Amino acid sequence: MNSQDITLERSEIFQLLTQTKAGRLVTLDPERDEPYVVPVNFVTLSRSIYFYTEPGRKLAALRAHPTGVALEIDHDDGIGAWSVMATGDYRPVTSRRERSLATAGLLAKYRGQAVAPMWQRAKGRWPEFLRALAGAEMGAIRIRRVSGRRWG
Amino acid sequence: MGMIRPLSEEESLAVLAELGWGRLAVVSDGRPYAVPMLFHLAGRALTFYTLPGRKLQALREHPSGVVVEADDIDSATSWRSVIVNGRFEESPPEDAARLAESFRERKERYAAIALEQLASPDAIFGRILIEQISGRAYVSSQSGLRE
């Protein structure tokens, strides 16, 4: 059996970045000289990856090491497997318009589940949920470099 | 409505044993770098193979700060995720046979490719010795933690 190892086209990579639900944010640990990896819900809009981060280790890592942050996505469907990595710099989203657009994108992609932990803690109470949402940081990674491979 | 709960060490190890597929993250040229990997849980270590390249170079240059992430995410309300912090060491060729055995039991197409690759004379075998492990899962109030 001959296996193939194929480099993905840029257009295919962006399609996967748009369609794939779960990703892993890969940055450097704020306290130790090692990577920090955490699954994230995200949405890709006009070459930026958007996600919410609440105060914690993820946000501390992003603030300590905002350059060269990566998002990794992959899937093995039994026929073949692929993996994509998108790299860029992290910045908090401060524009209200950009934040609204990205929030709408997240809610459309996940039907509200993108912010499930916040919704859960608010116990379904809207005022508390909206407060939690407003208190979380919306972050963006402006994609500078992408790479992807497929095996199958 | 469910909730997110931490997994015990035993539960986290069980998730790793079941999935056998995750992402290896290393520091390469001062930047984080992550690639998918197939592994086999052997005691408190993840055994794997790799071919010469950026991943192996980063592991050799930076063996002490390696992270492996494995998850099983169906949706925002059905997932498990495990993070391992560990140390890389190259392992003796004996690991190769056990690793090949574990790949043969897997149904994914990728495992078949991995079997070919690990038979290559260039294949290097390694272990990530688990120093810290943590896991989280979303538990649905209807179904409980999926086994």
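Computation of the quantities below employed the complete heavy-atom set of this structure, encompassing side-chain atoms and omitting hydrogens, waters and symmetry-equivalent molecules. The structure presented is a predicted model; accordingly, all values stated were derived computationally and were not measured. Numbered from 1 within each chain, the chains take letters A, B, ... in sequence-line order.
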Quick one: side chains of residues 56-72 of chain A, donor-acceptor pairs under 3.5 Å with protein atoms, not counting sequence neighbours, listed by atom name and distance.
unit_1  : atom_1 : unit_2   : atom_2 : d
A:Arg57 : NH2    : A:Asp29  : OD2    : 2.6
A:Arg63 : NH2    : A:Glu137 : OE1    : 2.3
A:Glu72 : OE1    : A:Arg24  : NH1    : 3.2

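A:Leu133 and A:Phe42 fall within the same hydrophobic cluster, where Ile, Leu, Val, Met, Phe, Trp and Tyr residues are linked whenever their side-chain heavy atoms come under 4.5 Å apart, directly or through other members. By the criterion of side-chain heavy atoms lying less than 4.5 angstrom apart, applied directly or through intervening Ile, Leu, Val, Met, Phe, Trp or Tyr residues, A:Leu8 is grouped together with A:Leu17 in one hydrophobic cluster. The hydrophobic cluster containing B:Phe88 does not contain B:Leu129, counting ILVMFWY residues as joined when their side-chain heavy atoms lie under 4.5 angstrom apart, directly or transitively. Note: the hydrophobic cluster containing A:Phe51 does not contain A:Leu101 (ILVMFWY, side chain heavy atoms under 4.5 Å, direct or indirect links). Under the 4.5 Å side-chain heavy-atom criterion for Ile, Leu, Val, Met, Phe, Trp and Tyr, A:Val37 and A:Ile141 are members of distinct hydrophobic clusters.
Residue-level contacts of residues 34-42 of chain B with chain A, in order of numbering, are B:Ala34, B:Pro36; threshold 4.5 Å between heavy atoms. Heavy-atom proximity under 4.5 angstrom to chain A picks out B:His62, B:Ser64, B:Gly65, B:Val67, B:Glu69 from residues 50-69 of chain B. When the heavy atoms of residues 88-95 of chain A are compared with those of chain B, none of the residues falls under 4.5 Å.
No more than 12 heavy atoms of other residues, nucleotides or ligands shown are found within 6.0 angstrom of CZ on B:Arg87. Surrounding CZ of B:Arg44 are more than 12 heavy atoms belonging to other residues, nucleotides or ligands, all under 6.0 Å away. Applying the 6.0 Å contact sphere to CD of A:Glu9 captures no more than 12 heavy atoms from other residues, nucleotides or ligands.
At least one side-chain heavy atom of A:Glu34 sits under 4.5 Å from a side-chain heavy atom of B:Asn85. Counting heavy atoms from C-beta outward, B:Arg23 and A:Asp74 have side chains that approach closer than 4.5 Å. Side-chain contact between A:Val26 and B:Tyr33: absent, with no pair of heavy atoms (C-beta onward) separated by less than 4.5 Å.
Here the CD1 atom belonging to B:Ile113 is positioned 8.5 Å from the CG atom belonging to A:Asp76, to the nearest 0.5 angstrom.
Closest heavy-atom contact between B:Gly30 and A:Leu28: O-CD1, 3.5 Å.
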